[in-house]
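Please read all numbers here as calculations on a predicted model, not as lab measurements. Residue numbers begin at 1 in each chain, while the letters A, B, ... track the order of the sequences.
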Amino acid sequence: MAVRLVHCRDIHRAYRLLHARNGLLGWWPGRTRLEIIVGAILTQNTAWTNVEKAIRALRAARLLSLRGLRSAGLPELEEAIRPSGYFRQKARKLKAFLTCLDDDFGGRLNRMARPATPELRERLLAIWGIGPETADSVLLYAFNRRTFVVDTYTKRVACRHGWIRPNPSYDDLQALFSRHLPEDVPLYNDYHAQMVWVGKHYCRTKPQCEGCPLKPLLLGRPPEA
DNA sequence: GTCCAGGGCC
DNA sequence: GGCCCTGGAC
């Protein structure tokens, strides 16, 4: 299992390298639990700068509250979140979350925070519009659960560095990081933030390894596709 | 003006 | 695999 040991070390080392470069990135951008959840939905397949515009518009329209989201009409919601893209889909997704919250948790986020992590994850995944990444983002950043969030960047970094076989599933990737990292919520929080950072700046669809803090991990090899 | 990046559903 | 969408880069 020499191969796996190398990857285990690299997963730690990658974090140390990124943290040395960036310090703690201080996620999640969101003032309240609800705002974090809304952001997690709006950021699907979308750059965060566009999400910020949508969040600002929601706040300006007084829609960034449970009451506001509940009472908002779909067109009103769509108009506000337009900058985040897929606005018709995402307006329905926000409504779907509210419906679940109201029907299953008495409309209280505090009550949604009660179930153990595996059950809460199932409940979130059952909501239309919430897939694995969004569910795990909500668990980690809104409910402080020790849940590793896998996104496109994390997948790219892991594959290009040969930490996992090509075309891994979401669950395989999550298991890889969960196995190798200590059980530490702040670490999971910052690890994901660092992956997003390195994905945006270096591990893009076209790799830009020059200047990347993770370049030493490649040992001179080219990154795998 | 065209192209690119980015999760989830059907 | 096709569909949903935008702002920013070029």
Q: Using heavy atoms to find the nearest nucleotide of DNA chain B for A:C203 and A:I127 separately, return the residue whose nucleotide is more 5′.
A: A:C203
(Q) Side chain of A:R88 only, heavy atoms from C-beta on: which candidate in C:dT6, C:dC5, B:dG8 is closest? (A) C:dC5
Q: Could you tell me whether a side-chain N or O of A:Q44 sits under 3.5 Å from a main-chain N or O of A:G129, the two making a donor and an acceptor?
A: yes
Q) Has A:Y86 got its ring stacked on C:dC4, by the test of a centre gap below 5.5 Å and a plane angle below 30°? A) no
Q. Does B:dG8 have OP1 or OP2 sitting under 4.0 Å from an N or O in the side chain of A:T134?
A. yes
Q: Evaluate side-chain contact (heavy atoms from CB on, under 4.5 Å) for A:L125 paired with A:E122, printing each intermediate quantity in order.
A: CA-CA 5 Å; A:L125 287 173; A:E122 284 311 305; 4.2 Å; yes
Q | Value in whole Å for how far the P atom of B:dG8 lies from CG of A:L125 | A | 9 Å
Q: Could you tell me the separation between the CD atom of A:E78 and the C1' atom of C:dC4, rounded to a whole number of Å?
A: 12 Å
(Q) In this structure, how many angstroms lie between the P atom of C:dA9 and the NZ atom of A:K206, rounded? (A) 18 Å
Q: Answer with base, sugar-phosphate or nothing: what part of the nucleic acid does A:K90 contact at a heavy-atom distance below 4.0 Å?
A: nothing
Q) Mind checking whether A:Y191 and A:F148 have parallel, tilted or perpendicular rings, split at 30° and 60°? A) perpendicular
(Q) Distance check needed: C:dC5 P versus A:E79 CD, whole Å only. (A) 13 Å
Q. Hey, does the side chain of A:D136 reach the backbone of A:V150 with a donor-acceptor pair shorter than 3.5 angstrom?
A. no
Q: Kindly say whether A:K200 contributes a backbone atom to a donor-acceptor pair with the side chain of A:R204 at under 3.5 angstrom?
A: yes
Q: Would you mind telling me which of C:dG7, B:dG7, B:dC9 lies closest to the side-chain atoms of A:W128?
A: B:dC9
Q.
Of the options C:dC5, B:dG7, C:dG7, whose atoms approach the side-chain atoms of A:Q89 most closely?
A. C:dC5
Q.
Any base atoms under 4.0 Å from A:R156, or only sugar-phosphate, or nothing? Heavy atoms, all strands.
A. sugar-phosphate
Q) Could you give the CG-to-P distance, from A:L77 to C:dC5, as a whole number of Å? A) 13 Å
Q: Let me know the distance between CD1 of A:I130 and P of B:dC10, rounded to the nearest Å.
A: 14 Å
Q.
Starting the side chain at C-beta, find the nucleotide from C:dC5, C:dG7, B:dG8 nearest to A:F87.
A. C:dC5
Q.
Just the rounded figure in Å: distance from P of B:dC9 to CD of A:Q44.
A. 8 Å
Q: Under 4.0 Å between any heavy atoms, over every strand shown, what does A:R204 touch: base, sugar-phosphate, or nothing? Just pick one.
A: nothing
Q: Starting at atom NZ of A:K93, determine the distance to atom C1' of B:dC10, rounded to an integer number of angstrom.
A: 12 Å
Q: With heavy atoms under 4.0 Å as the rule, sort A:T46 into base, sugar-phosphate or nothing.
A: base
Q.
Please determine whether a side-chain nitrogen or oxygen atom of A:R82 lies at a distance below 4.0 Å from atom OP1 or OP2 of C:dC5.
A. no
Q | Side-chain N or O of A:T49 closer than 4.0 Å to phosphate OP1/OP2 of C:dG7 | A | no
Q.
Is a donor from one side chain sitting under 3.5 angstrom from an acceptor on the other, for A:T46 and A:K90?
A. yes
